[in-house]
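Computed from a predicted model, the values in this text were never measured in an experiment.
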Amino acid sequence: MSLFQISCPARVLYLDTELAELEAIPDGAFEVAPALWCLLEAGHAGLHHTFAQGLRATDELPPRNLWTRWPDGDEYGPLRETLVLPHCDAKFLPGTLEEQGCGLPEGHEGRHGFEFGPPLTEADALPDWLFRMLFEELE
C-alpha cells in the first residue's frame, strides 16, 4: 500500500439544497463537503464515483454507503445520481491484523482503493534534514 493516491481529477459540486438533504439524513455518519473528488483511479472508464455519506446500521439494515456518481461533463446535470451502492469485497492481506477493504463500490473501474499510488521507496521519503526543518518550524 502507498501513501499516495493517484485518483481521478473529476469532481462534483453539491448545491445548497443537496447538501442540506445529505446532512439531514437520519444517522448520517459525516458532515458532507460541498465539493468532492472522484475516488476512482485516474483515466478510468465509465461513471465517476464519490463517497457522499455513511449510513449507520438500523434494526432492519446493515451499515451502508451512499455514493454520488456522474458521467463526464454532467457533474451538475440530470444524469448525476446519489444512491446506496454495495461495497467491493476485495481485501488486502485478508485474515491478518492489517487487513484492509477496498473502500470503493462493487464493480468499480480501475484498481482497488488499497492499490492506489506508486510503491513507497527511499526516494519518496523526505530527506531527514528537510523533515526536521519543516516540522520544527511548526512547533
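Transitive grouping of hydrophobic side chains (ILVMFWY, heavy atoms separated by less than 4.5 Å) brings Ile25 and Val84 into a common cluster. Put simply, Leu79 and Tyr14 are part of two different groups of oily side chains (I, L, V, M, F, W, Y) that touch within less than 4.5 Å, one to the next.
Annotation: the span from Leu19 atom CG to Glu21 atom CD amounts to 9.5 Å, rounded to 0.5 Å. Rounding to the nearest 0.5 angstrom, the gap separating the SG atom in Cys88 from the CD atom in Glu106 is 7.5 Å. Leu85 contributes atom CG, which lies 4.0 Å from atom CG of Leu83 (distance to the nearest 0.5 angstrom). Interatomic distance, CG of Leu22 versus CG of Leu66, reported as 6.0 Å (0.5 Å rounding). Rounding to the nearest 0.5 angstrom, the gap separating the CG atom in Asp74 from the NE2 atom in His48 is 10.0 Å. Between the CD atom of Glu115 and the CD atom of Gln100 there is a distance of 10.5 Å, given to the nearest 0.5 Å.
For the pair His49/Leu39, no side-chain contact is recorded, criterion being any heavy-atom separation below 4.5 Å from C-beta on. Val12 is not listed as a side-chain neighbour of Trp37, based on a closest heavy-atom distance of 4.5 Å or more.
For Arg64 (side chain) and Pro86 (main-chain N/O), no donor-acceptor pair under 3.5 Å exists by modelled atom type. Although no hydrogens or angles enter the test, the distance criterion places a donor-acceptor pair under 3.5 Å between the side chain of Glu41 and the main chain of Arg111.
Ring pair His112/His108 is perpendicular by interplanar angle, where above 60° counts as perpendicular and below 30° as parallel.
In plain terms, the two heavy atoms of Leu40 and Glu109 that are nearest each other are CD2-O, 4.1 Å. Counting all heavy atoms, side chain and backbone alike, Pro71 lies closest to Leu47 at N-CD2, 3.6 Å. Taking each heavy atom of Val32 and Ala52 in turn, the nearest pair found is CG2-O, 3.6 Å.
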One pair to check against side-chain contact (heavy atoms from CB on, under 4.5 Å): Cys38 and His44. What are the steps and the verdict? CA-CA 10 Å; Cys38 176; His44 68 84; 3.4 Å; yes
Give the C-alpha distance, both sets of side-chain angles, the deciding distance and a yes or no for side-chain contact (heavy atoms from CB on, under 4.5 Å) between Trp67 and Thr82. CA-CA 5 Å; Trp67 292 85; Thr82 299; over 6 Å; no
Run the side-chain contact (heavy atoms from CB on, under 4.5 Å) test on Lys91 and Asp89 for me, step by step, so that the C-alpha distance in whole Å, both residues' side-chain angles and the decisive distance to 0.1 Å come before the verdict. CA-CA 6 Å; Lys91 300 271 192 247; Asp89 288 331; 5.8 Å; no
Stepwise, does the side-chain contact (heavy atoms from CB on, under 4.5 Å) test hold for Phe114 with Cys102? CA-CA 6 Å; Phe114 52 77; Cys102 172; 4.1 Å; yes
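Heavy atoms from other residues, nucleotides or ligands lying under 6.0 Å from CD of Glu31 number 12 at most.
For Thr50 and Thr68, the side-chain atoms include no donor-acceptor pair closer than 3.5 Å. Under the 3.5 Å distance criterion, with hydrogens and angles disregarded, no donor-acceptor pair is assigned to the side chains of Asn65 and His87.
Within the cation-pi definition used here (under 6.0 Å to the ring centroid, within 45° of the axis), Arg80 does not qualify as a partner of Trp70.
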